[in-house]
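The structure appears below as structure tokens.
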Amino acid sequence: MLKTRLISGVVLILIALAALMAGGPVLGVLMLAVSLIGMFELYRVTAVQDGLKSPLALVGYAAAVLYYVVLMNGGAAYLTSVLAMTLIAMMFVFVFSHPRYRTAQITAAFFGLVYLAMMLSCIYRIRLMIDGIFTVWLVFFAAWGCDSFAYVFGRLFGRHKLSPVLSPKKTVEGAVGGVAGAAALGAAFAAIAGPHMTAGYAPVAEYALICGAGGMISMVGDLAASAIKREFQVKDYGKLIPGHGGILDRFDSVIFTAPVIYLLACLIF
């Protein structure tokens, strides 16, 4: 199990490395693919995907594709309209297929679009920024770095439960260590890449701040995904990634971290 998990992790890192370095359409298409798979996993759990021919789910998938097409063609100003039209289209399905879907399923369908397609698109948007080729890595340093440091610090010093119901093994001490570790990763990365950057005044401090804040939010993303699984009584969202589960099981913290990193990067740089 550990070997399988390790191999899968290495493959994920290599794919991420290639896509983030390439940027542009390559990264955009990858983020769209990840979003669609994640939406399928969420839709299946929440019964939005209620069969091979699910009109509500199809509207969600089509909206995700449209969202990325508009974004990748410089239409960021129209994305709010895309979301509004999607909600209207979902309400059409709700009305004209009544009583096939419940209100909760309409909510889950729209939530899936925002939760995955919109929030993950921030990775693509960060990559487009000045020094985006550097800043985009903070999303993964904050999410996966915080998780790794939190695990180590939790095992060594953990005494107080962070969220006893959702994740009994997570501790306050681990969380503090995770945030500190993520900030340290950001600072170390800036110290190495600093000479190649053009934006920012104090990249080491700025990257540490951004990465630490992202790490803090990443834990909420992890717990939020766990809460959804608890509510619908599922262990994993899928089995796509051997040893890790589904896309949502591996990217739950990244989903929350990406928009936070994007917002802070816009404000600081």
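We count residues from 1, following the sequence as given.
Counting only distance, with no hydrogens or angles, the side chain of R230 and the backbone of V165 share a donor-acceptor pair below 3.5 Å. A donor-acceptor contact shorter than 3.5 Å links the side chain of D249 to the backbone of G246. A donor-acceptor contact shorter than 3.5 Å is absent between the side chain of Y151 and the backbone of G178. The backbone N or O of G245 lies less than 3.5 Å from no partner atom in the side chain of K239, so there is not a single donor-acceptor pair.
Among residues two or more places apart in sequence or in another chain, the side chain to side chain donor-acceptor pair (under 3.5 Å) test is passed with D252 by none. Listed by chain and number, the residues in a side chain to side chain contact (heavy atoms under 4.5 Å, CB included) with V260 are I217, L264 (sequence neighbours excluded). Every residue was checked against the side chain to side chain contact (heavy atoms under 4.5 Å, CB included) condition with A150, not counting sequence neighbours, and none meets it. Among residues two or more places apart in sequence or in another chain, the side chain to side chain donor-acceptor pair (under 3.5 Å) test is passed with T135 by Y207. Residues passing the ring pair (Phe, Tyr, Trp, His ring centres under 6.0 Å) test with F157 are F153, sequence neighbours excluded.
Taking a 6.0 Å sphere around CZ of F232, one finds it holds more than 12 heavy atoms contributed by other residues, nucleotides or ligands. The number of heavy atoms from other shown groups lying within 6.0 Å of CD1 (I130) does not exceed 12. Annotation for Y78: atom OH does not count as buried by contact number, only 12 or fewer foreign heavy atoms lying within 6.0 Å.
Looking at heavy atoms from C-beta onward, S121 lies out of side-chain contact with M31 at the 4.5 angstrom threshold. No side-chain heavy atom of S54 sits under 4.5 Å from any side-chain heavy atom of Y61. Here the side chains of L79 and Y67 are in contact, with some heavy-atom distance below 4.5 Å. Inter-residue side-chain proximity for E173 and R159 is flagged as met; some heavy-atom pair is nearer than 4.5 Å. At a threshold of 4.5 Å between non-hydrogen side-chain atoms, the residues S167 and L223 count as touching. No side-chain heavy atom of V234 sits under 4.5 Å from any side-chain heavy atom of I228. Looking at V34 and L120, their side chains come closer than 4.5 Å, going by heavy atoms from C-beta outward. Contact check for M219 versus C146: side-chain heavy atoms found under the 4.5 Å cut-off.
Among residues at least two apart or in separate chains, ring pair (Phe, Tyr, Trp, His ring centres under 6.0 Å) pairs with a member in residues 108-130 are F111-Y115. Counting only residues at least two apart or in different chains, salt bridge (charged side-chain N to carboxylate O under 4.0 Å, His left out) contacts with residues 53-68 are absent. Screening residues 13-37 for ring pair (Phe, Tyr, Trp, His ring centres under 6.0 Å), with sequence neighbours left out, gives no hits. Legend: side-chain hydrogen bond (donor to acceptor under 3.5 Å, both in side chains) pairs involving residues 27-46, not counting sequence neighbours, sorted by first then second residue: S35-Y68. Residue pairs meeting the salt bridge (charged side-chain N to carboxylate O under 4.0 Å, His left out) criterion with at least one partner in residues 99-109, sequence neighbours excluded, are D50-R100. Sorted by first and then second residue, the pairs that involve residues 208-222 and meet salt bridge (charged side-chain N to carboxylate O under 4.0 Å, His left out), not counting sequence neighbours, are K170-D222. Sorted pairs that involve residues 124-135 and meet salt bridge (charged side-chain N to carboxylate O under 4.0 Å, His left out), not counting sequence neighbours, are lacking altogether.
In this structure, I261 and G214 approach most closely via the heavy-atom pair CD1-CA, 4.1 Å. In plain terms, the two heavy atoms of G215 and V179 that are nearest each other are C-CG2, 4.3 Å. G60 and L113 make their closest contact through O-CD1, 4.1 Å (heavy atoms, listed as atom of the first residue, atom of the second, distance). Considering all non-hydrogen atoms of both residues, G112 and L42 come closest at CA-CD2, 3.6 Å. Shown here for P25 and M72, the closest heavy-atom pair between the two residues is CA-CE, 3.6 Å. Across all non-hydrogen atoms, the minimal contact from F141 to C211 is CB-SG, 3.6 Å.
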Practice item. Given side-chain contact (heavy atoms from CB on, under 4.5 Å), test L30 with V26 step by step and report yes or no. Key: CA-CA 6 Å; L30 178 62; V26 173; 5.7 Å; no
Exercise for review: Please test L12 against F140 for side-chain contact (heavy atoms from CB on, under 4.5 Å), starting from the C-alpha separation and ending with a verdict.
Suggested key: CA-CA 11 Å; L12 279 176; F140 301 94; over 6 Å; no
Review point. Do V139 and V254 pass the side-chain contact (heavy atoms from CB on, under 4.5 Å) test, and can you show the C-alpha distance, the side-chain angles, and the key distance before you say yes or no?
Key: CA-CA 7 Å; V139 174; V254 171; 3.8 Å; yes
Practice item. Under the side-chain contact (heavy atoms from CB on, under 4.5 Å) rule, what do F269 and E206 come out as? Steps first, then yes or no, please. Key: CA-CA 9 Å; F269 303 132; E206 291 164 349; 3.2 Å; yes
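In this structure, CG in L138 is found 15.0 Å from OH in Y262, a value given to the nearest 0.5 Å. With values rounded to the nearest 0.5 angstrom, L166 atom CG is found 11.0 Å from E231 atom CD. Taking CD1 of I88 as the reference point, atom CG of L83 lies at 11.5 Å (rounded to 0.5 Å). Atom-to-atom distance recorded for I126:CD1 and L27:CG is 10.0 Å, nearest 0.5 angstrom. Rounded to the nearest 0.5 Å, atoms CE (M90) and OG1 (T107) are 10.0 Å apart.
Checking each of V69, L116, V65 against L32 for a side chain to side chain contact (heavy atoms under 4.5 Å, CB included) leaves exactly one that passes, namely V65.
Side-chain heavy atoms closer than 4.5 Å link hydrophobic residues (I, L, V, M, F, W, Y) into clusters, and following such links, even through other members, never connects M85 to V82. Under a hydrophobic-cluster definition in which Ile, Leu, Val, Met, Phe, Trp and Tyr are linked whenever side-chain heavy atoms come within less than 4.5 Å, directly or via other members, I123 and I268 are assigned to the same cluster. If you chain together hydrophobic residues whose side chains sit under 4.5 Å apart, V95 and F92 fall into the same group. Hydrophobic clustering of Ile, Leu, Val, Met, Phe, Trp and Tyr side chains at less than 4.5 Å, counting indirect connections, keeps F189 apart from I192. There is no path of hydrophobic side-chain contacts, each under 4.5 Å, that joins I13 to I15.
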